[in-house]
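On a predicted model such as this, the values are computed, not experimentally measured, just so you know. Throughout, protein chains are lettered first and strands after them, A, B, ... in sequence-line order, and every chain is numbered starting at 1.
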Amino acid sequence: VEEVECLAACGGAPALQVNYEFHERVTPEQAGELVDGYRTGALHARTVSGGRKA
Amino acid sequence: MPETRFLTRRLHERPDDSWTIDTALATGAYEGLEKAVGMEAEAVATEVETSGLRGRGGAGFPTARKWSFLPADVRPRYLVVNADEGEPSTFKDRMLLERDPHQLVEGIAIASYAVDCHLAFVYVRGEFALGYERFVQAIEDARARGLLGPDIRGSGFDLDIVVHRGAGAYICGEETALIESLEGRHGMPRVRPPFPAIEGLYGKPTVVNNVETLSALPHIVLKGGEWFASLGVGRSTGTRIFSLSGQVSRPGNYEVELGLPFRELINDPRLGGGVRDGGSVKFFIPGGASSQWLIGADEHLDAPLDMDFVQDQFGVMLGSGAVMVFDEYTCPVRVAWRLVRFFAHESCGKCTPCREGTGWMTKVLHRIEQGNGRKEDLDVLLDVGDNIAPGLNAPFSQTTICPLGPSAVSPVVSLHKHFRDEVDEHVREARCPYEQVRAGR
């Protein structure tokens, strides 16, 4: 877990990012549920590959 | 006053599918491009000049004038799109990228046509995975409809777009560092001159424009430069998307006509809805983390959202169009520390005053906030700041290549200007006076 200053999501603070999935307006309870969800595999976080597309 | 929606109309009216090609086409997308490619390129640029459109990335430089710096006889020319939005408290470009990518594709095509560019590069902030996916999809869909690629709509104009994902460095939002990064090197700013317009990407004449700037072009071409210039105030023409955040009831992106007073943006029930929990504005940052602060005094709250007015009257900038509001329970020293810590973290290290100075300022601010401050600390902060931005004025002179270092000085100067007494109180009482306030809430 890393604390960061900017996710370009101040309008949805408190915000968190899991891999490349954003979650906004997260309550402490929801944060716990998210962790559980990702742990059990019920939730899948967006991943992106590739740096340049022409 | 409610919002005045042009750039944000589609994404509000079609929240479920505004980013798809079918919805975009059904709601007027690419009509501006069709009109533009039927005009002379110079006429398109003239229309943009008439509009008075100024860059929405932060510096507010007139867009058409930026284009006019390209040397007449050098080809190829490149358009680089700055979608590396990373200024803390700014979140408008992410919305435009995710929710109206076709408007951006259209804007890129119009700008490219106007400046005779046939290959555009879009530098997308690495964290914007959803925006990246939707934008790449938009390019593919536009290409399939003949709106990108060779001979766009039978006009003889060719354009391809390369999308490049950044890797998370704030400095890559600075245009020359962005170009370095695009070329595959470390994201560190270049010394100017030569400016990108003369020698930019791969040594070629390059225009760097922001996402919101380009997203305005379809509307300017369709409705005319005169129409755009009739909106706004003075030399701040048109509408602008303000990212409103902090302790307001309704944080979010609001597209309003420039010239609206800060007070209305913050308080109007259709906009910010006022300070949360019935509080009042202690201070606010008018243009992103790099900007100096304003306070909750009538003189500041009644000031118009006008780039020139706030610069001339108060020496602050409207910057990236991000307004961060703080209520009376917020410790300004803590805010300054957090902001300067961000800049210290993001300093690329190329210039000594920034690399060393941002770290020192972070440490001194931290010790004041922690109750270990010394009497001379504010002077120490100003001295360090003066070594980065001599004179401590805005617009600043600077000892660094890019504006990151001087940006880190903004919170320090703001503390000095508005909250000297509170800094002294931290030092005198050897603690943060807001600790109890926070605990008692």
Greatest number of heavy atom pairs closer than 4.5 Å to chain A - which of B:Arg125, B:Met324, B:Glu87: B:Arg125
Residue B:Glu346 versus chain A: region with a heavy atom under 4.5 Å: neither
Aromatic ring pairing B:Trp293/B:Phe283, orientation class (parallel under 30°, perpendicular over 60°, tilted between): parallel
Contacts of type ring-ring contact (aromatic ring centres under 6.0 Å, His included), residue B:Phe242, not counting sequence neighbours: none
Part of B:Glu140 lying under 4.5 Å from any heavy atom of chain A: side chain
Contact origin within B:Arg341 toward chain A - heavy atom pairs under 4.5 Å: side chain
Selection from B:Leu130, B:Thr90, B:Asp160 maximising heavy-atom pairs under 4.5 Å formed with chain A: B:Leu130
Pi-cation contact, B:Phe128 with B:Arg99 (under 6.0 Å, within 45°): no
Under 4.5 Å from a heavy atom of chain A, the part of B:Leu182 involved: both
When B:Glu133, B:Lys92, B:Glu85 are compared by non-hydrogen pairs under 4.5 Å with chain A, the top option: B:Glu133
Check against side chain to side chain contact (heavy atoms under 4.5 Å, CB included), B:Val211 and B:Asn82: CA-CA 6 Å; B:Val211 167; B:Asn82 189 341; over 6 Å; no
Heavy-atom proximity to chain B below 4.5 Å, by part of A:Ala13: neither
NZ/NE/NH1/NH2 to OD/OE distance under 4.0 Å, B:Arg270 and B:Glu3: no
Centroid separation B:Tyr170 to B:Phe342 less than 6.0 Å: yes
